[in-house]
Amino acid sequence: MPAEPTLSLPWPGARPLPDTFFDRDAQLLARELLGRVIRHRVGTLWLSARIIETEAYYLVDKGSHASLGYTEKRKALFADGGHIYMYYARGGDSLNFSAQGPGNAVLIKSGHPWIDAISGADSLAAMQRNNPDNLGRPRAPERLCAGQTLLCKALGLKVKDWDARRFDLQRLFVEDVGEQPHSIIQCARLGIPQGRDEHLPYRFVDAQYARHCTRNPLRRGHVEGRDYRLLSVSGAER
């Protein structure tokens, strides 16, 4: 879905998602974002990651920030689809996009470095410098964005720069690069406190990248039908 023609593209042939793409149900948006690529320009480089894991949140969902009520800090959650909501989690930055309906949003849980003609080896090296391992060594590409704060660190995304902002085609946007999952795993979200709707199956993972996400839903001991469901790319249950 190309961007509106009135917007200036960052390079010929770019396919940024328009704001209207985000104006849909949060669970649908969470699924549809899998396979899309986040592009963030830092200096002369475009740092890029394919989205492989998302979580949907609703105003009526006790696990959501919006359920705590409107505040100036949370205003992006109550705006129309396509606003950026960022917050600090476990000492790092986290990235969310508002969806259709006040208080509804999608958390970008994990990504995988995306390499192409726009984001090449120099971009990957910059992401590795942004997010070294605990010993200061370059982190393996498949672990660079394996978690919401690692994703933001690798891409150089900061709450102070992007919270409550719109996409900027010269600096930050999500692109349709023609990729989509072959199948999607649906399961319960991670880190939701007990009694805060922790059971809701609002987490979506690109099955091809399951072992590179925050926590592999296909790990040993997990059973299809009990711990997760497999969805087709259209979202229908298998």
Side-chain angles (χ1 to χ4, degrees), residues 21-22 24-38 49-68 77 81 85 87 89-90 92 94-101 103-114 139-152 154 174 179-238:
F21 178 92
F22 297 85
R24 61 181 76 193
D25 175 80
Q27 287 187 73
L28 178 57
L29 178 60
R31 295 194 298 267
E32 293 294 325
L33 281 169
L34 296 175
R36 317 291 179 165
V37 171
I38 301 171
R50 173 177 173 152
I51 299 171
I52 65 170
E53 179 186 10
T54 57
E55 291 182 347
Y57 289 86
Y58 294 92
L59 175 63
V60 296
D61 166 10
K62 294 177 183 177
S64 73
H65 288 193
S67 69
L68 301 175
L77 291 175
Y85 171 61
Y87 64 92
R90 296 181 291 279
S94 293
L95 177 67
N96 304 254
F97 304 136
S98 63
Q100 186 179 72
N104 305 331
V106 172
L107 168 64
I108 308 303
K109 195 74 174 173
S110 286
H112 192 278
W114 180 256
R139 200 182 294 266
E142 62 270 17
R143 303 308 303 165
L144 261 181
C145 307
Q148 64 200 66
T149 59
L150 294 178
L151 171 76
C152 289
V174 182
E179 296 287 324
Q180 64 178 1
H182 296 297
S183 62
I184 295 171
I185 302 162
Q186 181 178 7
C187 53
R189 296 170 300 189
L190 301 175
I192 305 296
Q194 187 174 2
R196 302 294 296 178
D197 290 333
E198 69 277 9
H199 64 287
L200 294 174
Y202 292 169
R203 177 183 175 218
F204 301 92
V205 176
D206 184 336
Q208 180 183 352
Y209 291 87
R211 61 193 181 95
H212 301 316
C213 68
T214 306
R215 186 185 301 165
N216 188 352
L218 302 180
R219 65 191 181 275
R220 181 177 299 179
H222 276 216
V223 178
E224 182 178 358
R226 185 192 69 188
D227 301 299
Y228 65 89
R229 291 180 292 173
L230 286 178
L231 311 179
S232 71
V233 293
S234 64
E237 292 185 28
R238 192 180 76 172

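Everything numeric in this text was worked out from a predicted model, so none of it was measured. Quick note: residue numbers are just sequence positions, from 1.
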### Query
Hey, does Lys109 have a side-chain heavy atom less than 4.5 Å from the side chain of Leu190?
yes
### Message
Is any side-chain heavy atom of Leu29 closer than 4.5 Å to one of Phe21?
### Response
yes
### Message
Could you measure the distance from the SG atom of Cys152 to the CG atom of Leu95? Nearest 0.5 Å is fine.
### Response
5.0 Å
### Message
Please determine whether side-chain contact (heavy atoms from CB on, under 4.5 Å) holds for the pair Asn96 and Tyr87, giving the CA-CA distance in whole Å, both sets of side-chain angles, and the decisive distance to 0.1 Å.
### Response
CA-CA 9 Å; Asn96 304 254; Tyr87 64 92; 3.1 Å; yes
### Rounded distance [0.5 Å steps], SG in Cys213 versus CD1 in Ile51
14.0 Å
### Query
What's the verdict on side-chain contact (heavy atoms from CB on, under 4.5 Å) for Glu142 and Arg211, showing C-alpha distance, side-chain angles and the deciding distance?
CA-CA 9 Å; Glu142 62 270 17; Arg211 61 193 181 95; over 6 Å; no
## Note on the structure
Rounded to the nearest 0.5 angstrom, the CZ-NE2 distance for Arg143 and His212 is 8.0 Å
### Message
Would you say that Cys187 contacts Arg215 through its side chain, given a criterion of any heavy-atom pair below 4.5 Å between the two side chains?
### Response
no
### Message
With a 4.5 Å cut-off on side-chain heavy atoms, are Ser94 and Thr149 touching?
### Response
yes
## Note on the structure
Between the CD atom in Glu55 and the CD atom in Gln27, the distance rounded to the nearest 0.5 Å is 11.5 Å
### Query
How about Leu200 and Tyr58: do any of their side-chain heavy atoms sit closer than 4.5 Å?
no
### Task
Determine, stepwise, if the pair Ile185 / Leu230 fulfils side-chain contact (heavy atoms from CB on, under 4.5 Å).
CA-CA 5 Å; Ile185 302 162; Leu230 286 178; 3.6 Å; yes
#### Entry: Geometric class of the Phe97/Phe22 ring pair [parallel <30°, tilted 30-60°, perpendicular >60°]
perpendicular
### Task
Apply the side chain to side chain contact (heavy atoms under 4.5 Å, CB included) test between Asp206 and each candidate in Glu179, Arg50, Gln180; give the one that qualifies.
Arg50
### Message
I'd like to know whether Tyr228 forms a side-chain contact (heavy atoms from CB on, under 4.5 Å) with Val205, so could you lay out the CA-CA distance, the side-chain angles of the two residues, the decisive distance to 0.1 Å, and finally the verdict.
### Response
CA-CA 10 Å; Tyr228 65 89; Val205 176; over 6 Å; no
